[in-house]
Amino acid sequence: MQWLPIARDAEVSTRPLAVVADGVPLVVYRPEPDADPVVFADRCPHRLVPLSAAVVEDGRLRCAYHGWEFDASGACVTVPSQGPIPPRASLPPGPPIKIFDGTIHVLAAGLPAPDPTELLTNEDPALRHGWHPVGLATERLDEVQLLGETFRLAESRTQERWGMIWLAPDEPKVGLFTDPDADDRDYAGAWLPPARTPASAGLVADNFLDVAHFPFVHAKTFGAAEEKTVPRYEVTTEPYGCRSVQEQWFDNPEDPGVLAGIRPVRQRRRATYVYRAPFQLLLRLEELDAGAVKTILFFAQPESATSTRIYTKMLFHGIGGVPDPSAEVIAGEVAFEEAVLAEDLELQQRLRITGLPLRMRDELHVRADLLGVHLRRILAGFAS
């Protein structure tokens, strides 16, 4: 039998530690300060997020993305977005371990299977048949990076929409959506500075559509007030796209009506998600009690296998109780959205998977993932 060293026993605590054995990523930790160490594959079965980014509380390992919790045996004990725990939610058994000479070793023959490799990456040839954002019109670019290649704008198929330049390397299968065009003429708007992430554009789009990660990834901004349980919602399919309209409860302490004692802080909003392949996304948040509307246009540029550029435009109406918010109010909203995006980017820095899994069996999907399931099915059809 071959035993592989993974960590010094003294350096393993209740803080999960990422290690590698024979090329296989593992996580090792102690459920309690004086407990024996345990080892599992370094991925949550739900979305394959590294469990080395998790935290341990009361002996349970809690995933940083959606808060799924696992006990020391690997059994799933909590799925916050819903009550019943689905089959296959528990962690596969980790490799046998033993400690000698002060070092933790794992049995090579017991190592878990590697991560899935059939993924939609940023350099998938099928993405050549889509419109991609490649820069703001104000950037005055001559060349851009897309799908692992360099394109000269003057020699490429391009168009301008919403103050952005779009490029399709080959004949596009589908056009740009038109949802925000009317509002774009009437609402006050502002761009966030473009951001970059090592995560693939497919994973970035999946995160934007996800409705269950707010209480965990965004706990420092707005997530602490969000409900962990996700009510059932519907998704309507469209050609190479989909949309979902959901009514949600949220805290609105900045509403002038709340400050004046006219309305309660807990209010209703209508959230409309719109997706069009490959990476066009929109979220419109309508405050049903206060009357304000915030629309987020969100686009991802798959630059290379290890880089995605993110563009975010905010459209505002009625924020602060006035139809056209002031520059100061808009600046505050943009700064807040930058902080929200930064929380997503922080977790994406920890991702190891290089693309979006399109085979349903590679991940464990639950009721709250309905938008993500549609995203995968649409991209699978787009890539075929």
Side-chain angles (χ1 to χ4, degrees), residues 1-116 212-213 215-217 228-230 347 350-353 357 360-369:
M1 293 190 296
Q2 183 183 11
W3 291 91
L4 305 173
I6 59 169
R8 297 291 297 174
D9 186 35
E11 67 182 358
V12 176
S13 66
T14 54
R15 183 174 182 176
L17 177 66
V19 296
V20 177
D22 199 22
V24 178
L26 304 171
V27 60
V28 57
Y29 69 98
R30 297 182 191 276
E32 301 287 350
D34 297 325
D36 292 333
V38 294
V39 178
F40 295 105
D42 193 11
R43 60 175 180 266
C44 179
H46 179 217
R47 280 293 180 271
L48 311 182
V49 172
L51 290 172
S52 51
V55 296
V56 175
E57 290 185 356
D58 298 325
R60 296 179 173 185
L61 183 70
R62 187 177 71 233
C63 179
Y65 199 12
H66 295 98
W68 288 33
E69 294 184 0
F70 308 90
D71 67 17
S73 72
C76 183
V77 293
T78 302
V79 176
S81 67
Q82 63 181 46
I85 296 174
R88 300 192 303 115
S90 296
L91 304 178
I97 67 174
K98 69 176 181 179
I99 304 173
F100 56 90
D101 293 336
T103 299
I104 302 172
H105 294 70
V106 296
L107 184 64
L111 290 175
D115 291 340
H213 74 282
F216 307 99
V217 177
K228 291 183 172 65
T229 301
V230 177
L347 181 60
R350 305 290 296 270
L351 299 182
R352 187 177 53 252
I353 193 165
M360 295 300 163
R361 66 179 180 270
D362 286 340
E363 300 169 289
L364 177 56
H365 300 279
V366 295
R367 183 185 65 206
D369 302 328

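Count residues from 1 along the sequence.
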side-chain hydrogen bond (donor to acceptor under 3.5 Å, both in side chains) contacts in which one or both residues fall within residues 16-28, not counting sequence neighbours: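 side-chain hydrogen bond (donor to acceptor under 3.5 Å, both in side chains) check on residues 16-28 returns no pairs.
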
For residues 70-86, tabulate all N or O donor-acceptor pairs below 3.5 Å that involve a side-chain atom, not counting sequence neighbours.
from : atom 1 : to   : atom 2 : distance (Å)
D71  : OD1    : S73  : N      : 2.9
D71  : OD1    : S73  : OG     : 2.6
D71  : OD1    : G74  : N      : 3.2
D71  : OD1    : A75  : N      : 3.0
S73  : OG     : A75  : N      : 3.4
T78  : OG1    : R60  : NH1    : 3.4
Q82  : OE1    : R367 : N      : 3.4
Q82  : NE2    : P84  : O      : 2.9

Which residues share a side chain to side chain contact (heavy atoms under 4.5 Å, CB included) with Q2, sequence neighbours left out: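 Listed in chain order: L4, A108.
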
Pairing residues for V24 by the side chain to side chain contact (heavy atoms under 4.5 Å, CB included) criterion, not counting sequence neighbours: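 Once residues adjacent in sequence are excluded, the partners of V24 under the side chain to side chain contact (heavy atoms under 4.5 Å, CB included) criterion are L26, L111, P112.
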
Gap separating the CH2 atom of W3 from the CD1 atom of I99, nearest 0.5 angstrom: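 So the gap between those two atoms works out to 11.0 Å.
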
Give me the atom names and distance for the closest heavy-atom approach of [X] to [Y].
| X | Y | value |
| --- | --- | --- |
| P31 | A35 | CD-CB, 4.0 Å |
| V217 | A64 | CG2-O, 3.7 Å |
| A7 | T103 | O-CG2, 3.4 Å |

Check residues 11-20 and write down every donor-acceptor pair under 3.5 Å in which the side-chain atom is one partner and the other belongs to a residue at least two apart or another chain.
from : atom 1 : to  : atom 2 : distance (Å)
E11  : OE2    : R8  : N      : 3.1
S13  : OG     : R15 : N      : 3.1

Inter- and intrachain pairs under salt bridge (charged side-chain N to carboxylate O under 4.0 Å, His left out), touching residues 76-91, at least two apart: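 Every candidate salt bridge (charged side-chain N to carboxylate O under 4.0 Å, His left out) pair involving residues 76-91 fails, so no pair, neighbours aside, qualifies.
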
Residue pairs involving residues 72-105 (criterion ring-ring contact (aromatic ring centres under 6.0 Å, His included); sequence neighbours excluded):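 For residues 72-105, and leaving out neighbouring residues, the ring-ring contact (aromatic ring centres under 6.0 Å, His included) pairs sorted by first residue read F100-H105.
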
Residue pairs, two or more places apart or on separate chains, that pass ring-ring contact (aromatic ring centres under 6.0 Å, His included) and touch residues 5-35: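 Residue pairs with at least one partner in residues 5-35: there are none.
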
Side-chain donor-acceptor pairs of residues 40-56 under 3.5 Å, sequence neighbours excluded:
from : atom 1 : to   : atom 2 : distance (Å)
D42  : OD1    : L51  : N      : 2.8
D42  : OD1    : S52  : N      : 2.7
D42  : OD1    : S52  : OG     : 3.3
D42  : OD2    : S52  : OG     : 2.9
R43  : NH1    : A113 : O      : 3.1
R43  : NH1    : D115 : OD1    : 3.0
R43  : NH2    : A113 : O      : 2.8
H46  : ND1    : H66  : ND1    : 3.3
H46  : NE2    : D369 : OD1    : 3.2
H46  : NE2    : D369 : OD2    : 2.8
R47  : NH1    : H365 : ND1    : 3.4
R47  : NH2    : H365 : ND1    : 3.4

Test side-chain contact (heavy atoms from CB on, under 4.5 Å) applied to L347 and F216, step by step: CA-CA 11 Å; L347 181 60; F216 307 99; over 6 Å; no

With sequence neighbours excluded, residues passing salt bridge (charged side-chain N to carboxylate O under 4.0 Å, His left out) with D9: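 Counting only residues at least two positions away or on another chain, D9 forms a salt bridge (charged side-chain N to carboxylate O under 4.0 Å, His left out) with R30.
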
